[in-house]
Amino acid sequence: RRPIFFSRHGQSEYNQLGKIGGDSVLTAHGEEYATALAEWVDKEVKLDSEGKPRPARLWTSSLKRTRLTARHIRHDSICLPNGTEWVQMRPKMHRNLDEIYAGLCDGMTYEEIERQYPEEAAARKGDKFEYRYPRGESYTDLISRLEPMAHELERTRETLLVVAHQAILRVLYTYFMGKPREACPDVSIPLNTVIKLTPTVEGCLEERFTLLP
Ligand code: F6P
């Protein structure tokens, strides 16, 4: 059964500054990850375990940092056993994959939020799963936003690489691993890492590949 691959975008300027949200571009380190990812995808995503080409799709969010991360991945056309031609890894952009929206706190660091909105920071610490940013979103909102997409992901017959964001991938990962929904805000989804989930009869087999130190 075909695996699903998840990756965060490469390091963004906001990541470097410790700011949340926004729509910043990649740092030099983030660019390095984008290049490394394209090379890795050629070997590990486009080819199956026997080294045969396999049809693969590529989904990104609509934000610059994921599109820039995916941009070096080459679109290849491959011949399927039924004689048709398939163009694989042509990026498809989904707004539903955009990062959790922090509303009033968008563009701030966690320290700035603590200073300017101490009650908000305390409320989030108290219940990160249910907490909704003023004029923004909560993890429960993300679950509703991503539910149709999770079903589509399950139905897709080709291998798929999703290049998205920390909170988004926490929700999708929790769904595919069959973990309780409330666990999602604490799942570790580091930068520079591809997570491969392969469905098995007992659930998903998880592998993690760190492409850059
Ligand atoms: O810091 C990167 C980021 O993707 C932010 O844009 C987002 O608000 C945050 O991670 C989500 O993680 P957490 O829910 O732990 O704040």
Side-chain angles (χ1 to χ4, degrees), residues 5-34 37 59-71 93-147 149-150 161-177 179-195 208 210-213:
F5 297 86
F6 292 142
S7 171
R8 281 177 72 181
H9 52 82
Q11 186 194 53
S12 68
E13 288 180 345
Y14 264 29
N15 289 146
Q16 198 174 36
L17 297 169
K19 290 172 185 265
I20 63 170
D23 191 14
S24 64
V25 297
L26 301 181
T27 61
H29 185 66
E31 290 289 349
E32 212 185 306
Y33 179 70
L37 180 66
W59 289 2
T60 70
S61 75
S62 76
L63 299 172
K64 286 185 205 127
R65 53 198 188 273
T66 62
R67 291 190 287 142
L68 290 171
T69 301
R71 80 184 186 288
M93 199 180 84
H94 293 271
R95 269 179 214 291
N96 278 346
L97 288 173
D98 288 359
E99 182 54 311
I100 188 169
Y101 181 50
L104 210 58
C105 300
D106 186 64
M108 295 171 78
T109 65
Y110 293 110
E111 293 72 31
E112 284 166 349
I113 298 172
E114 220 152 281
R115 248 182 287 126
Q116 256 176 274
Y117 306 111
E119 296 86 8
E120 296 298 329
R124 191 162 204 253
K125 261 196 200 117
D127 188 351
K128 194 174 171 188
F129 180 63
E130 294 280 354
Y131 173 82
R132 178 178 289 128
Y133 283 105
R135 284 185 247 138
E137 290 182 301
S138 64
Y139 272 92
T140 51
D141 292 331
L142 284 192
I143 291 174
S144 315
R145 159 142 85 83
L146 288 165
E147 210 143 55
M149 171 157 280
L161 168 64
V162 180
V163 182
H165 306 267
Q166 175 157 248
I168 294 294
L169 293 177
R170 280 175 173 157
V171 171
L172 292 177
Y173 173 92
T174 305
Y175 177 86
F176 279 96
M177 293 305 282
K179 294 199 186 290
R181 299 146 61 100
E182 297 72 23
C184 74
D186 299 316
V187 171
S188 160
I189 309 281
L191 290 173
N192 302 331
T193 307
V194 181
I195 300 175
R208 290 185 177 227
T210 306
L211 307 194
L212 284 189

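For ligands, and for the atoms within them, numbers begin at 1 and follow the listed sequence. The structure displayed is predicted, hence computed values, not measured ones. FYI, the numbering just counts along the sequence from 1.
Considering Tyr110, Tyr139, Tyr101 only, the shortest heavy-atom separation from atom 16 (O) of ligand 1 involves Tyr110. When the heavy-atom distances from atom 6 (O) of ligand 1 to Gly21, Ala102, Cys105 are ranked, the shortest goes to Gly21.
For atom 10 (O) of ligand 1, the nearest non-hydrogen atom of the protein is Gln166 NE2, 2.9 Å. Summary of contacts: the protein heavy atom closest to atom 8 (O) of ligand 1 is Ile20 CB, 3.5 Å. Protein heavy atom in closest approach to atom 7 (C) of ligand 1: Glu99 OE2, 3.5 Å. Residue, atom and distance of the protein heavy atom nearest to atom 15 (O) of ligand 1 are Lys128 NZ, 2.7 Å. Protein heavy atom at the shortest distance from atom 2 (C) of ligand 1 is Asn15 ND2, 3.7 Å.
Proximity to Arg170 (heavy-atom distance under 4.0 Å) selects the following atoms of ligand 1: 12 (O), 13 (P), 14 (O), 15 (O). Near Arg124, with a cut-off below 4.0 Å to any heavy atom, the atoms of ligand 1 are 13 (P), 14 (O), 16 (O).
Residue contacts with ligand 1 for Glu137 are absent, since no atom lies close enough (heavy atoms, distance under 4.0 Å). Residue contacts with ligand 1, taken as heavy atom pairs separated by less than 4.0 Å, do not involve His9 at all.
A salt bridge is absent between Glu99 and Arg8: the closest approach of a Lys/Arg side-chain nitrogen to an acidic carboxylate oxygen does not fall below 4.0 angstrom. The pair Glu31-Arg71 meets the salt-bridge criterion, since a charged nitrogen lies less than 4.0 angstrom from a carboxylate oxygen.
Across every non-hydrogen atom of Glu130 and Ser138, the tightest pair is O-CB, 3.7 Å.
Atoms CG and CZ, from Asp186 and Phe129 in turn, are 11.0 Å apart once rounded to the nearest 0.5 Å. Rounding to the nearest 0.5 angstrom, the gap separating the CD atom in Glu147 from the CG atom in Asn96 is 12.0 Å.
Annotation for Lys179: atom NZ does not count as buried by contact number, only 12 or fewer foreign heavy atoms lying within 6.0 Å.
Considering backbone and side-chain N/O of Tyr133, none are found under 3.5 Å from N/O of ligand 1.
Side-chain atoms of Ser12 and Asn15 include a donor-acceptor pair closer than 3.5 Å. Arg170 and Tyr139 form a side-chain donor-acceptor contact under 3.5 Å, judged by distance and modelled atom types alone.
Using a 4.0 Å cutoff on heavy atoms, His165 does not count as a contact of ligand 1.
Seen from the ring of Tyr173, Arg208 counts as a face-on cation partner, given the 6.0 Å and 45° thresholds.
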